[in-house]
Amino acid sequence: MSEERKSLNFLEQIIEEDLANGMPKENLRFRFPPEPNGYLHIGHTKAIGISFGLGEKYNAPVNLRFDDTNPAKEEQEYVDAIKEDVSWLGYKWDKELFSSDYFQQLYDWAVYFIKEGKAYIDSQSSEAMAEQKGTPTQPGVDGPFRNRSVEENLDLFERMKAGEFNEGEHILRAKIDMQHVNMLMRDPIMYRILKKHHHRTANDWCIYPMYDWTHGESDYLEQVSHSLCSLEFKPHRELYDWFLDQVVTEDKLRPKQREFARLNLSYTIMSKRKLLKLVEDGVVNGWDDPRMPTISGLRRRGYTPTAIRKFVETVGVAKRENVIDVSLLEFCIREDLNKTAPRVMAVLDPIKVVITNYPEDKEEWFEAENNQEDDAAGFRKVPFSREIYIEKEDFKEEASNKFFRLKLGGEVRLKNAYIIKAESVLKDANGNITEVHCTYCDGTERRVKGTLHWVSMKHAVKAEVREYDRLFLDESPDSHQDKDFMEFINPDSLKLVEAFVEPSLQDAEVGQRFQFQRLGYFNVDNDSSSDKLVFNKTVGLRDSWAKVKPQPAANTNANTNKQKPQQQSQRKAIDVIQKLGKKYTNLPEEKRLKVRTEILELAKDVTYDEVEPLFNTAVKKVGTRIAVALILKVLVENGQTKNDDVNSFIEKALEDKNELLVEEAKTFN
RNA sequence: UGGCCCAUGGUGUAACUGGCAACACGUCUGUUUUUGGUGCAGAAGAGUCUAGGUUCGAGCCCUAGUGGGCCAACCA
């Protein structure tokens, strides 16, 4: 059996290596450590997918640990939202934990640090300390309190804890090295005074530990084996290890921090601070606005956990900065919904069609397939009558053959119903078409080029449809040093539409997803009620017609196509030869000879000017040099004189270590 | 005037040193189709940032350069 070798990402390789080096599989444990100061977004999904994914892969526990060391920013609301999002994605955490659970242990360790001379109280202003700290290129200097006695430090620290001081008066610093190249090692702060109410510990504490001091020790307490975080924490690793060094004992597992590149999505922002600003400024209607890249926003928009997980999986894990194209996200949701969403008919921008030879009072209920991709989906009934709506865009008085929708004198199939032919139009005073008059004929078996969706006017249900466009007009709105991301906000990111939907949708429930045939995927919004249906457009269907049809105005934004122009049908001989030459020396002899004759043949179409720049080809690129030699041979045979440049190229070739090249060079003599 | 990290088609990720650098998205053809969707078949697009070196052989190893990112919050 040939075992399909699935390549491992670098984190999996690290784990495999640890396992190979004797780490028991039972020791594997991960954690996802969000700070409850905002909602989770699609970027977090990557981190979640990595740690929880590893947990699933190795059948190892994953803790959900809230990193709640800053009472000024953190709230219970966020804790709840984060839990909901993680479980909605389908992940199960082992333990729900909080860094604040470890406040006492952290405090005890800090006291131990002081006693060991590894930490001290600094009582300067933050400005003074910042100055002493130096810069990335300049070392820091020791501050005046660096060598306080253990007794004094202990006393001060205790009184900090007791609330005797105001915020900013004293802090506890680790005593490491003010000259260290890594600024994080220049006596980092372990504790600060914060007289704030904490969402879990209330007013028990007025000193709070800093991230660096808390994180590694929390990992250690939980016995997390691999603590995975994003790249910007790389410099913190040294500190993480230093803090661990002070407390680790032989008998316990020592956690390991490793870093991966965070996820960036084109046309969106991923900073919690900036997302919060969109919420606060009312650019969007809350964290779960369907335009937001938050998990709750995507959920409301109609995304599925399956699609999001697939997306994160497809995106991969590595260490280089990346910007993923939103089209990949859209592909993932379409792929999932195509298989699962019931098809239904809705008209968003209606024009009235009257089928003149259909009786006024007649109605028929046709059988319609719910989802041809899913045999179990079954059928439903849709009503048909004399007057229907079709999409305004689906009718033109005149159009080319490329337009295979409805035009005067033309036929089109109504999905699940009859074939109709447009006979005439009615217009208002301004010349706008108000009605299209058609005739139908009964046979439905004939082949007709176009098929339209429609809704019977009499039976249509009104619904509000919310169509979304990207929130930002720039591909990476938050990476311009000279411009604020707010400048790129798309003013038309939300479009409200009064639509008509088929009656089967009357009882659609919040969250249900549908495909409005030929339009896209839509779900029922939270705001929806039986009185007023509200749909969100999750994503449109791929639309190859949109690319062909004459563009009305702007709004081609779906495809800002920056692809390089396609190559000419005929590639230049020199280019083909260069490509062949590249691998020349690696080919098996038989194949090489074949390529050689091919090159000689192609060389007839190469001019001297084209080869000349290749005379300086790097020594290393033997294949290319051989190709050049072959071209020259053809050129010389055809009368090219051997000038100095040619000769020196040949001489150099003769001295080469590669026999193949030398052989070719020899034929010139 | 530093340290660390990174560099493969348009985008993202692969590649056990050894067939023509693969896969996905995107792009383009053709085809099927009662969705201009889906499916199916196919194509174009990369000299693996540059220059040296090691090696019979380098995208992979070494050195230097270039480019990008991160590092000076009592944030995480």
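On a predicted model such as this, the values are computed, not experimentally measured, just so you know. The figures that follow rest on heavy atoms only: side chains count, while hydrogens, waters and symmetry mates do not. Lettering follows sequence order; numbering is per chain, from 1.
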Between A:Glu373 and A:Asn371: side-chain donor-acceptor atoms closer than 3.5 Å:
no

Tell me what A:Met129 touches on the nucleic acid: a base, only sugar-phosphate, or nothing, going by heavy atoms under 4.0 Å.
base

Please report the distance separating the P of B:A64 from the corresponding atom of B:C70, rounded so that it comes out in whole Å.
24 Å

Heavy-atom side-chain contact between A:His215 and A:Asp67 under 4.5 Å:
yes

Can you find a donor-acceptor N/O pair under 3.5 angstrom joining the side chain of A:Gln515 to the base of B:U35?
yes

With Watson-Crick and G-U wobble geometry limited to distances under 3.5 Å, how should the secondary structure of RNA chain B be encoded in dot-bracket form, using | for bases paired to another strand and [ ] for crossing pairs?
.((((((..((((....[...)))).(((((.......))))).....(((((..]....))))))))))).....

Would you mind telling me which of B:U27, B:C6, B:A76 lies closest to the side-chain atoms of A:Arg192?
B:A76

Quote, to the nearest angstrom, the C1' distance that separates B:G10 from B:C28.
14 Å

Using the P atom in both, what is the distance from B:A15 to B:U1, to the nearest Å?
40 Å

Would A:Tyr240 and A:Gln257 count as having a side-chain donor-acceptor pair, cut-off 3.5 Å?
no

For A:Gln132 versus A:Gln124, what's the shortest heavy-atom pair and its separation?
NE2-OE1, 2.5 Å

Using the C1' atom as the reference point in each nucleotide, state the distance between B:G57 and B:G18 in Å, no decimals.
7 Å

Once you apply a heavy-atom cut-off of 4.0 Å, does A:Phe516 come out as touching a base, just sugar-phosphate, or nothing?
nothing

Any side-chain donor paired with an acceptor under 3.5 Å for A:Thr538 and A:Arg513?
no

Ignoring backbone atoms, test whether A:Lys319 places a side-chain nitrogen or oxygen under 4.0 Å from the OP1 or OP2 oxygen of B:C6.
yes

Between B:G39 and B:A7, how far is it from one C1' atom to the other, in whole Å?
38 Å

Testing the basics here: between A:Phe311 and A:Leu265, what is the closest heavy-atom pair and its distance to 0.1 Å?
CZ-CD2, 4.1 Å

Between NZ on residue A:Lys310 and SG on residue A:Cys332, distance to nearest 0.5 Å
5.5 Å

Please tell me if A:Arg320 has a side-chain N or O lying less than 4.0 Å from either OP1 or OP2 of B:U13.
yes

Among B:A15, B:U34, B:G12, the one nearest any side-chain atom of A:Ser7 is B:A15

Flag as yes if A:Trp545 stacks onto the base of B:G36 (centroids under 5.5 Å, planes under 30°), otherwise no.
yes

Relative to the 5' end of RNA chain B, which residue comes earlier, A:Arg343 or A:Gln124, by the nucleotide with the nearest heavy atom?
A:Arg343

Identify whether any heavy atom of A:Arg413 sits under 4.0 Å from a base atom; if not, whether one sits that close to sugar-phosphate; answer base, sugar-phosphate or nothing.
base

For B:C61 versus B:G45, give the span between their P atoms, rounded off to a whole number of Å.
29 Å

Roughly how many Å apart are B:C6 and B:U17, using the C1' atom of each and rounding to a whole number?
23 Å

Pick out the pairs of N or O atoms, protein on one side and nucleotides 61-69 of chain B on the other, that lie under 3.5 Å.
residue	atom	partner	partner atom	Å
B:G69	O2'	A:Glu321	OE2	3.2

ring-ring contact (aromatic ring centres under 6.0 Å, His included) between A:Trp454 and A:Tyr389: does it pass, once the steps are laid out?
CA-CA 6 Å; A:Trp454 53 274; A:Tyr389 287 126; over 10 Å; no

Would you please say whether a donor-acceptor pair under 3.5 Å links the side chains of A:Arg343 and A:His453?
no

Scan A:Tyr211 against the nucleic acid and name what it touches under 4.0 Å (heavy atoms): base, sugar-phosphate only, or nothing.
base

Taking the six-membered ring of A:Phe395, is NZ or CZ of A:Lys407 closer than 6.0 Å to its centre and within 45° of its axis?
no

Is the phosphate of B:G37, meaning OP1 or OP2, less than 4.0 Å from a side-chain N or O of A:Ser544?
yes

Residue A:Glu35, side-chain atoms from C-beta onward, closest of B:C71, B:A76, B:G37:
B:A76

Which part of the nucleic acid does A:Asn37 contact within heavy-atom distance under 4.0 Å: base, sugar-phosphate only, or nothing?
nothing

For A:Val448, report the nucleic acid contact type (base, sugar-phosphate, nothing); a contact means any heavy atom under 4.0 Å.
nothing

Please report the closest heavy-atom contact between A:Val312 and A:Gly49, naming both atoms and the distance.
CG1-CA, 4.4 Å

Please determine, for the side chain of A:Gln372, which listed nucleotide (B:U1, B:U35, B:C70) has the closest atom?
B:U35

At 4.0 Å (heavy atoms only), tell me whether A:Leu328 reaches a base, stays on the sugar-phosphate, or touches nothing.
sugar-phosphate

If you check the A:Phe404 side chain, which of B:U13, B:A24, B:G36 turns out closest?
B:G36

Closest to the 5' end of RNA chain B, once A:Asp325 and A:Arg542 are matched to their nearest nucleotides, is A:Asp325

Where the side chain of A:His236 is defined as all heavy atoms beyond and including C-beta, which of B:A76, B:G2, B:U35 is the nearest nucleotide?
B:A76

Between B:A76 and A:Thr69, is there an OP1 or OP2 to side-chain N/O distance shorter than 4.0 Å?
yes

Just checking A:Asn182: base, sugar-phosphate only, or nothing, at a heavy-atom cut-off of under 4.0 Å?
nothing

Report yes if some heavy atom in the side chain of A:Asn70 is under 4.5 Å from a heavy atom in the side chain of A:Asn37; otherwise report no.
no

May I ask you to verify if any side-chain N or O of A:Arg405 is less than 4.0 angstrom from the OP1 or OP2 atom of B:G36?
no

So what does A:Ser327 hit on the nucleic acid, given a heavy-atom distance under 4.0 Å: a base, only sugar-phosphate, or nothing?
sugar-phosphate

Sugar-phosphate, base or nothing in reach of A:Lys46, heavy atoms under 4.0 Å
nothing

B:A44 and B:C25: how far apart are their C1' atoms, nearest whole angstrom?
16 Å

Determine yes or no for a side-chain-to-main-chain donor-acceptor pair under 3.5 angstrom, with A:Ser230 supplying the side chain and A:Glu232 the backbone.
no

Side chain of A:Arg447 - closest among B:A72, B:U33, B:U13
B:U33

Compare the minimum distances between each of B:A72, B:G2, B:C70 and the side chain of A:Glu232, then state the nucleotide with the smallest one.
B:C70

With a cut-off of less than 4.0 Å, is there a side-chain N or O of A:Lys234 near OP1 or OP2 of B:C6?
no

Closest of B:A15, B:C71, B:G37 to the A:Gln13 side chain is B:A15

What nucleotide, of B:G26, B:C71, B:U1, holds the atom closest to the side chain of A:Thr137?
B:U1

Under 4.0 angstrom, heavy atoms only, what part of the nucleic acid is A:Tyr191 near: base, sugar-phosphate, or nothing?
nothing

